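What follows is a short report on a single structure.
Each chain gets a letter, A, B and so on, in the order the sequences are listed, and its residues count up from 1. These figures come from a predicted structure and were not determined experimentally.
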There are 2 protein chains.
Amino acid sequence: MAKPQEPISTVRKHDCAKCPLRPLPIFRAFEQQELAFVTRFKKGELAVDKGATVLVEGSHSAHLYTVLSGWGFRFKLMPDGRRQILNYVMPGDLIGLQGSLMGEMQHSVESLSPMLLCVFERDQLEELYRNHPGLAYDITWLAAREEQMLDENLLSVGRRSALERAAYLMAFIGSRAQAVGLIGRRSLEVPITQQHVADTLGLSLVHTNKTIRKLSNRKLIAWHDGGCTILDMEGLMVLARWEGLGQRVRPLV
Amino acid sequence: MAKPQEPISTVRKHDCAKCPLRPLPIFRAFEQQELAFVTRFKKGELAVDKGATVLVEGSHSAHLYTVLSGWGFRFKLMPDGRRQILNYVMPGDLIGLQGSLMGEMQHSVESLSPMLLCVFERDQLEELYRNHPGLAYDITWLAAREEQMLDENLLSVGRRSALERAAYLMAFIGSRAQAVGLIGRRSLEVPITQQHVADTLGLSLVHTNKTIRKLSNRKLIAWHDGGCTILDMEGLMVLARWEGLGQRVRPLV
DNA sequence: CGGATCGTTGAGAATTTTCAAGATTAGTGG
DNA sequence: CCACTAATCTTGAAAATTCTCAACGATCCG
């Protein structure tokens with residue numbers, strides 16, 4: 001596991017009206033009035049390095065974030081150090097909602113690359129719900145989407161073989177990343193280590209290594225130090241017996 | 001797997017003002033005005049038998065439900081029949097939200113006992129968000145809680161040994177059931193088969209049987225045909241290395 | 001150079017699955 | 001009442017998967 005570093009905050013603030021994410025076809029268009037509120041809701045930006053702990057289990061964060069750029073992951077630890085990665089976070093994802101609503105964070109979030117996060121204040125959530133039902137609905141929508149992804153991940157860890165699981169994970173990450181333009185058409189590059197894969201799939205590092213090798217041999221992915229490239233999304237999905245996410249237009253808060 | 005039966009609907013309608021659930025200490029008190037809306041929001045009740053399919057993957061349900069009484073579970077199937085149980089549903093739980101928000105159900109729900117469900121209409125969700133921000137907030141809260149439980153389940157399936165996993169599951173179900181008065185102080189009776197346990201833990205039926213035997217031998221649970229009794233919640237939690245759910249007061253919609 | 005991270009490999013050990021069979025119980029139709 | 005079926009739980013043993021242990025190679029960086 002990478003040694004977590006401290007977040008580094010910056011003052012620079014992207015204008016929500018010129019949000020680089022919102023024009024993507026995957027995100028629904030916003031009303032002028034919604035945009036205005038979000039602009040006001042946004043308190044600033046947080047820039048973190050690769051390997052930084054963005055949110056930590058057990059803490060009471062006063063903030064929630066929307067990922068503007070970069071990769072990260074959500075995870076839980078057991079007292080004896082076993083780690084389970086729950087999901088990956090990518091641009092457009094809202095993180096810290098659980099902590100904001102229910103008080104204490106029940107999981108941590110760490111970055112896989114430098115990340116830029118839009119910072120919102122928990123205390124303004126109430127106002128959002130009171131005055132902007134459309135945005136409130138969007139937040140619930142995003143929570144339901146996270147739940148749906150967790151359902152898929154749980155099915156995978158519980159019922160797929162090691163090889164299927166690894167194929168599913170690569171296809172899952174790849175298709176999500178593609179939808180938000182994180183990876184180009186020809187450079188499906190994912191910045192994770194085999195330890196991350198192991199902790200996501202619920203497998204040992206050694207067995208993960210051997211499983212990844214099989215995917216490489218089949219030319220479905222290519223692994224290089226500190227990351228991998230997805231070569232054949234279609235093939236991965238077939239191997240995993242996975243239908244793919246319904247990638248419908250979604251809100252961006 | 002039990003053969004799913006058809007739901008049976010009834011006309012009888014509990015008065016929300018006399019809701020048998022709301023007085024429980026685990027649920028937060030409602031404003032008079034919230035209660036009034038919920039009463040209007042509630043379209044009726046659905047009574048289903050044990051083994052009924054309440055919601056089915058792939059369908060577009062126009063309803064969502066709050067469980068008034070009984071047990072059930074959420075699950076996903078793979079094309080070849082492998083089944084993963086994602087979570088259990090108990091009184092006070094809201095089901096069908098994913099389907100209502102995102103269109104198509106991505107999982108199914110089946111009953112483990114006769115159940116009584118309060119029926120709400122998807123179309124009125126919008127009005128709820130527009131006019132009752134407190135309730136909207138509650139719904140998001142419930143979605144976040146579901147996500148939190150899924151996180152725990154995923155950690156368990158991914159990183160706990162078979163014995164720990166089984167212990168966790170029993171403690172998890174037991175503590176949730178206790179919180180909503182589903183099981184009395186001395187009769188911690190859970191109506192599930194070993195096949196359900198296997199499909200929850202991601203284990204084979206045979207190995208699940210042997211694992212459950214170990215829990216029985218340690219006097220942590222007692223298994224009888226078609227269900228089990230939890231004997232030692234504390235012991236189960238220690239064995240699973242599980243801290244328990246933060247059982248805070250929660251909303252009931 | 002020395003330390004740290006990351007990936008790779010072989011081999012034995014442990015866990016878990018699969019296969020096959022049987023016991024018990026409850027319900028059903030004759 | 002009885003024969004029969006279906007569901008559930010049990011058990012043993014072989015097979016397959018996965019884990020642990022123990023190395024080692026490569027790269028990067030101060």
Side-chain angles (χ1 to χ4, degrees), chain A residues 1-5 49-52 78 80-84 110-113 156-167 169-170 189-217 221-229, chain B residues 1-5 49-51 78 80-84 110-113 156-167 170 189-217 221-229:
Chain A
M1 283 175 250
K3 189 179 307 165
Q5 300 164 14
D49 278 340
K50 172 176 170 170
M78 288 182 64
D80 60 6
R82 280 177 280 183
R83 179 175 75 169
Q84 177 65 39
E110 188 177 315
S111 59
L112 286 166
S113 72
S156 198
V157 174
R159 284 304 181 208
R160 273 188 250 255
S161 70
L163 189 62
E164 290 172 334
R165 249 183 264 186
L169 177 62
M170 293 304 149
E189 180 73 24
V190 183
I192 56 179
T193 68
Q194 297 192 352
Q195 183 69 64
H196 291 121
V197 176
D199 288 347
T200 308
L201 303 184
L203 298 172
S204 72
L205 180 57
V206 172
H207 196 63
T208 298
N209 178 278
K210 289 165 183 168
T211 304
I212 284 175
R213 173 55 44 93
K214 288 182 193 167
L215 293 182
S216 300
N217 290 343
I221 64 169
W223 201 275
H224 17 108
D225 223 77
C228 83
T229 300
Chain B
M1 282 178 253
K3 189 179 307 165
Q5 299 165 12
D49 277 339
K50 172 176 171 170
M78 288 181 65
D80 60 6
R82 281 177 279 183
R83 179 174 77 169
Q84 178 65 39
E110 188 178 315
S111 58
L112 286 166
S113 71
S156 198
V157 174
R159 283 306 181 208
R160 273 188 250 255
S161 70
L163 190 61
E164 290 172 335
R165 248 183 264 185
M170 292 305 150
E189 180 73 23
V190 183
I192 57 179
T193 69
Q194 297 192 352
Q195 184 68 65
H196 292 120
V197 176
D199 287 347
T200 308
L201 303 184
L203 297 172
S204 72
L205 180 58
V206 172
H207 195 62
T208 297
N209 177 278
K210 287 165 184 168
T211 304
I212 283 174
R213 173 54 45 91
K214 288 182 192 166
L215 293 182
S216 300
N217 290 342
I221 65 170
W223 202 276
H224 20 107
D225 223 78
C228 83
T229 301

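Rounded to a whole Å, the CG atom of A/N217 is 14 Å from the C1' atom of C/dT9. Atom CD1 in A/I192 sits about 19 Å away from atom P in C/dT5, given to the nearest Å. In this structure, A/R159 places its CZ atom 12 Å from C1' of C/dT16, rounding to the nearest Å. At whole-Å resolution of the value, CZ in B/R165 and P in C/dT15 are 13 Å apart. Counting to the nearest Å, the C1' atom of D/dT8 and the CG atom of B/L112 are 15 Å from each other. Atom CG of B/L163 and atom P of C/dT16 are 9 Å apart (whole Å). B/W223 places its CH2 atom 11 Å from the P atom of D/dT8, with the value rounded to the nearest Å. In this entry the distance linking CD of A/Q194 with P of C/dT9 reads 10 Å, nearest Å.
For A/R159 and B/D199, the salt-bridge test passes: some basic side-chain N is under 4.0 Å from an acidic carboxylate O. The pair B/K50-B/E110 fails the salt-bridge criterion, with no side-chain N (NZ, NE, NH1 or NH2) lying under 4.0 Å from an Asp/Glu carboxylate O.
Side-chain nitrogen and oxygen atoms of B/Q195 include none within less than 4.0 Å of the OP1 or OP2 phosphate oxygen of D/dC9.
Shown for residues 204-213 of chain B: residues whose heavy atoms fall under 4.0 angstrom of DNA chain D, namely B/V206, B/N209, B/K210, B/R213.
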| Could you walk me through whether B/R83 and B/M78 pass the side chain to side chain contact (heavy atoms under 4.5 Å, CB included) check? | CA-CA 6 Å; B/R83 179 174 77 169; B/M78 288 181 65; over 6 Å; no

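For the residue pair A/E189/A/T229, the side-chain donor-acceptor check at 3.5 Å is satisfied. No donor-acceptor contact under 3.5 angstrom links the side chains of B/S204 and B/H207, judged on distance only.
Distance from the side chain of A/L203 is smallest to D/dT18 among C/dG7, D/dT18, C/dT17.
Between the OG1 atom of A/T211 and the CG atom of A/L169 there is a distance of 11.5 Å, given to the nearest 0.5 Å.
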